Amino acid sequence: MRTAYHRRVPEISPDPSTGRDIASQYEPRRVEDVLYRRWVDRGYFTADAASEKPPFSLVIPPPNVTGSLHLGHALEQTLMDAVLRRRRMLGDEVLWLPGMDHAGIATQVLVEKHLAETEGKTRHDVGREDFVARVWRWKEEYGGKILGQMRRLGVGVDWSRERFTMDDGLSKAVQTIFKRLYEDGLIYRAERIINWCPTDHTALSDIEVDHADDEGELVSIRYGDGDRSVVVATTRVETMLGDTAVAVHPDDPRYAHLIGTEIELPLVGRMIPVVADAHVDPEFGTGAVKVTPAHDPNDFEIGQRHSLPMVNIMDEAARITAHGPFEGLSREDARHAVTAALREEGRIVAEKRPYVHAVGHCSRCDTVVEPRLSLQWFVRVEKLAKAAGDAVRDGRVTIEPPALKPRYFDWVDNMHDWCISRQLWWGHRIPVWYGPNGETLCVGPNDTPPAGDGWTQDPDVLDTWFSSALWPFSTMGWPARTADLSRFYPTSLLVTGYDILFFWVVRIMLFGLYAMDGEVPFRTVLLHGLVRDKYGKKMSKSRGNTVDPLDWMDSYGSDALRFSLARGANPGLDQPANEEWVAAARNSCNKMWNATRFAILNGATVEGDLPTELGPVDRWICSRLDEVTAEVDGYLASYEFAKATATLYHFVWDEFCDWYLELAKVSLTSGDDAAAATTRRVLGEVLDVSLRLLHPFVPFVTETLWTTLTGGESLVVAPWPQATGQRRDAAAEAEVAALQSVVTEVRRFRSDQGLRPGQRVPARLSGLDAAGVAPHEPAIRVLARLEAPTDGFAPTATLGIANGVTVELDLSGTLDVAAETARLGRDLATAEKERAQTEAKLGNADFLAKAPDHVVANIRDRAAIASAEIERITAQLAALRSRA
RNA sequence: GGGCGCGUAGCUCAGUGGGAGAGCACCCGCCUUACAAGCGGGGGGUCGCUGGUUCGAAACCAGCCGUGCCCACCA
């Protein structure tokens with residue numbers, strides 16, 4: 001009985017729980033929510049600390065509580081999810097811990113802005129307690145939007161373990177480590193030059209400052225008079241009001257006579273010393289530098305070395321406080337005013353404008369940072385950073401890709417002490433109390449804060465990154481020795497963008513090694529690149545090229561977004577994102593959908609073992625499947641996401657769909673029931689394995705298809721395919737390649753001849769035996785639309801194919817000689833070029849003597865093939881001419 | 001100033017000693033019974049420049065040009 005390989009089936013319920021959904025297009029929105037809820041409800045993502053399975057754990061880089069999903073998150077979470085879904089299928093007990101960061105400045109600024117807009121008040125108007133309460137309310141109302149967006153993306157996080165950096169537990173961890181560091185002398189309070197933002201009115205750490213080349217001015221000023229004068233150059237004229245010395249290099253003969261003397265500071269009239277300091281570069285400018293210890297980090301150090309007074313001339317908003325005509329001016333206005341005054345006194349020697357130099361800006365509001373002398377809390381990092389460097393140096397922590405290791409070392413080996421106090425209200429309050437008699441008391445989580453008159457807590461809060469640095473272990477209950485900690489710590493992997501290597505990764509290393517007695521916080525750090533726009537430009541609101549990933553998920557489905565992001569993810573490199581590529585990925589999902597739909601409608605099955613006796617086509621696809629399984633597994637294991645997805649894409653589309661399915665149709669309609677049954681089983685096999693391999697990247701569509709195809713519970717907990725190598729079959733691969741070349745050549749001929757794709761052409765095939773494709777003649781005829789020769793068969797064209805097959809076609813006398821001549825001419829040129837190149841090599845004695853044997857053999861083969869091609873094509877051209 | 005990249009088809013990128021590749025875009029022909037979100041066919045690149053190493057260089061080395069990022073206390 002003849003088996004139809006296709007039959008019309010009415011579209012049935014889209015609910016994958018009720019059975020088979022065989023619409024002709026994949027509709028993501030009909031399955032995504034249902035499946036995600038099911039995965040969560042079934043507890044697939046809930047880690048079991050008591051499990052016997054090997055643990056694999058990862059904490060999510062906590063997004064800002066006020067944030068929303070952007071493409072960077074989507075990429076990062078797609079990569080994490082892909083890694084973890086594979087680990088889960090491999091049988092690991094996977095913990096993926098989600099949560100959010102309170103994001104000190106970012107959140108506070110947002111709420112302050114809201115307060116100003118809605119009530120016209122500042123935070124000072126409402127007071128600290130009320131303001132913090134408002135931030136909490138804001139967080140409850142608007143925060144956490146991103147968590148819902150993560151569900152859309154399909155990420156397998158353990159919602160039962162969700163954490164927030166301001167949770168009680170995490171706050172306790174913050175207090176614990178603060179006290180421990182304090183008692184170890186690794187946290188101290190000191191008056192130092194720090195980066196101050198005059199807009200946000202808070203201290204910043206070094207990495208919260210962005211340097212930019214700005215156009216400024218370089219003004220040279222003469223201090224003192226006559227022999228006792230010196231010219232100094234500065235980009236910040238206004239700071240001269242706070243100068244307390246002039247410094248020169250100790251070995252500079254030009255100024256040797258001035259060292260130790262005093263000269264008069266213009267405008268101010270103060271006498272200031274000339275000091276010798278090796279920091280001064282005699283080559284730069286005049287070789288003399290003004291020293292403002294309270295407003296420049298270098299000058300501060302010179303001041304320390306020479307016990308110079310420190311004169312602070314600015315307030316928190318960077319307005320001049322020095323008494324006199326400039327008091328109250330902004331630093332910018334003061335710069336002009338002071339310059340004008342100096343010019344009037346004839347003290348300006350030179351002015352260079354514009355003068356381009358590096359200027360620090362607040363990374364949050366872009367205000368020019370003011371170096372400011374201020375009493376702040378610091379972490380003494382030297383010892384901690386050394387340990388953090390060693391952990392990578394000795395291989396206990398691996399950084400992927402390794403090319404980014406120099407950046408890591410650059411940071412940990414040159415780190416300055418970390419300023420951790422912030423003059424904000426939203427954050428972890430510094431757990432230190434000051435007593436009425438100058439006492440300082442650090443309070444741990446189990447201590448009772450001091451009470452009574454005169455005791456006050458430090459008003460500042462900690463840098464956001466202080467609590468982020470504890471994230472991998474504070475989220476697991478540290479400092480308590482919890483089951484999660486003993487089971488899942490150290491974490492297996494940290495996935496994050498290289499842009500926060502310093503902000504976060506390094507600081508986790510600092511605190512992690514310290515808090516956990518030298519235990520590393522993670523074994524591997526995987527640094528991914530940034531998502532850029534389709535032209536490779538950085539995405540930013542000001543450029544207007546930002547993309548809301550939800551829009552793309554709405555249009556094309558979560559899987560499409562995930563697949564396109566994974567496909568662009570080459571290790572450590574930035575990647576562009578383009579809506580067209582997401583659309584292409586959507587098309588791929590649809591392709592998988594329809595291929596599986598075809599297979600299911602034709603009775604594909606996964607029941608029972610594969611037949612031991614397989615035909616060459618089945619052996620070929622099984623051979624390729626085994627190879628692809630090995631490749632994809634290897635790529636995923638080494639975080640080569642782009643290669644893993646590209647391999648799958650090409651296998652599924654170019655090999656399975658374009659060739660195997662078409663050949664399967666031949667088998668299914670052949671009337672050979674045994675062959676058809678084998679084909680149905682192989683179809684089921686290839687799809688089963690392919691869907692499992694694809695699942696880490698495109699979980700929704702694969703889950704829908706796989707459960708329908710196999711009746712299995714879920715791909716989330718299905719076993720990960722293992723390549724055995726036993727099905728590799730080079731002979732079958734060669735045989736199918738020969739078949740493909742015949743079909744392709746005929747198709748090419750047909751296209752050149754302008755034959756309609758559907759038109760069947762009578763043809764006689766010969767040489768099939770020698771080419772090893774004799775059993776495939778029926779398939780070749782179907783795929784190339786060639787009919788058996790009829791009674792009046794009169795071939796008008798003879799097509800020679802490189803593998804020795806000849807196809808004679810009866811075109812009813814309509815052969816387009818010109819088109820065919822042109823085609824053969826192009827082929828001939830290609831073959832002649834190949835022959836010339838290969839024979840040139842073979843004529844080179846050095847090549848023959850020095851190149852490895854296999855290379856020489858390969859060139860000989862190619863030369864022979866090229867010669868044969870030339871002969872064949874020449875003969876065909878001659879035949880064509882004689883016909884014309 | 002130091003460090004790390006990048007420069008390959010119109011666009012975005014793989015390829016890292018031995019036959020120039022992919023996706024998208026483009027051109028031609030097709031609604032051929034899984035899929036027009038599809039099918040078949042096709043065109044397109046002196047691999048930034050110069051020199052070197054080598055039998056052989058897109059790949060390795062040097063220099064140059066262009067470009068991006070990170071770090072940095074040259075007033």
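Everything numeric here is computed off the predicted structure, so don't read it as measured data. Chain letters run A, B, ... following the sequence lines, proteins first, then strands; residues in each count from 1.
B:G5 and B:A9 have their P atoms separated by 22 Å, with the value rounded to a whole Å. Nucleotides B:U67 and B:C27 have their P atoms positioned 33 Å apart, rounded to a whole Å. A gap of 46 Å separates the P atoms of B:G1 and B:C26, to the nearest Å. With both ends at atom C1', the span from B:C74 to B:C65 equals 28 Å, rounded to whole Å. The separation of B:U46 from B:G42, taken at their C1' atoms, amounts to 23 Å, rounded to a whole angstrom. The same atom, C1', is picked in B:G19 and in B:G63; the two are 31 Å apart, to the nearest Å.
Under the Watson-Crick or G-U wobble criterion, with both distances below 3.5 Å, B:G17 has no partner in any strand shown. Using N1 to N3 plus N6-O4 or O6-N4 for Watson-Crick, or N1-O2 and O6-N3 for G-U wobble, each under 3.5 Å, B:G1 pairs with B:C71. Pair assignment for B:G23 gives B:C11, based on Watson-Crick or G-U wobble hydrogen-bonding distances that are each under 3.5 Å. Judged by Watson-Crick or G-U wobble contacts below 3.5 Å, the nucleotide B:A62 has B:U50 as its partner. Here B:G40 sits opposite B:C28 as a Watson-Crick or G-U wobble pair (both hydrogen-bonding atom distances under 3.5 Å). B:U33 makes up no base pair with any nucleotide shown, lacking Watson-Crick or G-U wobble contacts both under 3.5 Å. Nucleotide B:G45: unpaired (no Watson-Crick or G-U wobble partner with both distances less than 3.5 Å).
Nearest to the side-chain atoms of A:A851 among the listed nucleotides B:G18, B:G41, B:A75 stands B:G18. Nearest to the side-chain atoms of A:P406 among the listed nucleotides B:C24, B:C4, B:A14 stands B:C4. Taking only side-chain atoms of A:N587, from C-beta outward, the nucleotide of B:G38, B:C55, B:C70 with the closest atom is B:G38. Listed nucleotides: B:G23, B:G18, B:G41. Nearest to the side chain of A:V855: B:G18. Nearest to the side-chain atoms of A:K591 among the listed nucleotides B:C39, B:G3, B:C73 stands B:C39. Distances from the side chain of A:N844 to the nucleotides B:A22, B:A34, B:C55 place B:C55 closest. Closest approach to the A:W411 side chain among B:C71, B:A34, B:C55 is made by B:C71 (side chain taken as heavy atoms from C-beta onward). Among the nucleotides B:G23, B:A75, B:C55, the one closest to any side-chain atom of A:D281 is B:A75. The side chain of A:K841 sits closest to B:G18 out of B:U33, B:A34, B:G18. Between B:G18, B:A34, B:A37, one nucleotide has an atom nearer to the side chain of A:N590 than all others, and that is B:A37.
For the residue pair A:Y556 / A:N587, no side-chain donor-acceptor distance below 3.5 Å is found, with atom types taken as modelled.
Residues A:G287 and A:D252 share a closest heavy-atom pair of O-OD2, 4.3 Å.
Among the protein residues, A:N578 comes within range of no part of the nucleic acid, since none of its heavy atoms lies under 4.0 Å from any strand. If you check every strand for non-hydrogen atoms under 4.0 Å, A:E662 touches a base. Contacts of A:P371 with the nucleic acid, taken as non-hydrogen atoms under 4.0 Å apart, are absent. Residue contacts for A:E834: at a heavy-atom cut-off of 4.0 Å it reaches a base atom on one of the strands shown. Among the protein residues, A:D410 comes within range of the sugar-phosphate backbone only, with heavy atoms under 4.0 Å from sugar or phosphate atoms but none that close to a base. Here A:H279 lies in heavy-atom contact (under 4.0 Å) with a base.
Both the sub-6.0 Å distance and the 45° axial angle are satisfied by A:K665 relative to the ring of A:F598. Both the sub-6.0 Å distance and the 45° axial angle are not jointly satisfied by A:R532 relative to the ring of A:W581. At least one test fails for A:R192 against the ring of A:F300: distance under 6.0 Å to the centre or angle within 45° of the axis. A:Y649 carries A:R567 over the face of its six-membered ring, with the cationic atom under 6.0 Å from the centre and within 45° of the normal.
At B:G15, one or more side-chain N or O atoms of A:K643 fall inside 4.0 Å of OP1 or OP2 (strictly under the cut-off). Proximity of A:Y355 to the phosphate of B:A75: a side-chain N or O atom is located under 4.0 Å from OP1 or OP2. Applying the 4.0 Å criterion to OP1 and OP2 of B:G42, one finds that A:R748 has a side-chain N or O inside that range. Considering only side-chain N and O atoms, A:K405 lies nowhere under 4.0 angstrom from the phosphate OP1 or OP2 of B:C70. Phosphate proximity of B:U33 to A:K665: absent, as no side-chain N or O sits under 4.0 Å from OP1 or OP2. Remark: A:Y26 is not in phosphate contact with B:G38, judged by side-chain N or O atoms under 4.0 Å from OP1 or OP2. At the phosphate of B:G19, OP1 or OP2 sits under 4.0 Å from a side-chain N or O atom of A:R862.
Looking only at side-chain heavy atoms (C-beta outward), A:V219 and A:R335 stay at 4.5 Å or farther from each other.
When the nearest nucleotides of RNA chain B are assigned to A:W653 and A:P576 by heavy-atom distance, the more 5′-ward of the two goes with A:P576. For A:D574 and A:G287, each mapped to the nucleotide of RNA chain B holding its nearest heavy atom, the one lying further toward the 5' end belongs to A:D574.
For the pair A:Q759 CD and B:U32 P, the computed distance is 15 Å after rounding to whole Å. In this structure, A:N602 atom CG and B:U33 atom P are separated by 14 Å, rounded to whole Å.
A salt bridge links A:R862 with A:E834: at least one charged nitrogen is closer than 4.0 Å to a carboxylate oxygen.
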